[in-house]
Amino acid sequence: MSKPKENTQPSPVTTPQPVQEVYYANCSEAKAAGAAPLYRGEPGYRAKLDRDKDGVACEK
């Protein structure tokens with residue numbers, strides 16, 4: 001009985017994509033970029049832009 005050949009190919013290495021930092025100086029800039037409203041956890045969200053601290057910045 002013969003053994004099946006083992007895969008001797010190395011596994012492909014995946015390179016993680018760099019995280020793109022997004023920064024909006026103010027809500028006008030975020031709105032101009034079409035990104036508003038910004039939700040907590042999304043790129044570009046900053047507590048400073050969230051006046052009522054509800055997790056949604058630049059909502060008006």
Side-chain angles (χ1 to χ4, degrees):
M1 233 178 173
S2 63
K3 292 183 181 179
K5 290 185 177 182
E6 290 184 29
N7 184 2
T8 57
Q9 296 280 336
S11 301
V13 177
T14 56
T15 305
Q17 295 297 318
V19 176
Q20 244 182 338
E21 293 295 323
V22 178
Y23 178 84
Y24 300 109
N26 52 47
C27 287
S28 296
E29 195 174 294
K31 288 175 185 173
L38 298 165
Y39 297 92
R40 184 180 293 130
E42 289 184 339
Y45 175 89
R46 292 186 301 127
K48 184 177 180 181
L49 300 176
D50 186 0
R51 290 184 179 184
D52 59 2
K53 309 297 182 218
D54 65 350
V56 184
C58 306
E59 57 199 305
K60 290 189 179 188

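These values consider heavy atoms only, across backbone and side chains, with no hydrogens, waters or symmetry-generated copies. Numbers here simply count residues along the sequence, with the first being 1.
For the residue pair Y24 and A33, the shortest heavy atom distance occurs at CE2-CB, 3.8 Å. R40 approaches K53 most closely through the heavy-atom pair NH2-O, 4.1 Å. Counting all heavy atoms, side chain and backbone alike, L38 lies closest to P43 at CD2-O, 3.9 Å. Across all their heavy atoms, Y45 and Y39 have their closest contact at CB-O, 3.5 Å.
Counting heavy atoms of neighbouring residues, nucleotides and ligands inside a 6.0 Å radius, atom CZ of R51 does not exceed 12 of them.
Evaluation of the side chain to side chain contact (heavy atoms under 4.5 Å, CB included) rule for D54 yields D50, D52, V56, E59 as partners, not counting sequence neighbours. Partners of A25 under the side chain to side chain contact (heavy atoms under 4.5 Å, CB included) rule, at least two apart in sequence or in another chain, are Y23, E29.
Counting only residues at least two apart or in different chains, disulfide (SG to SG under 2.5 Å) contacts with residues 22-60 comprise C27-C58.
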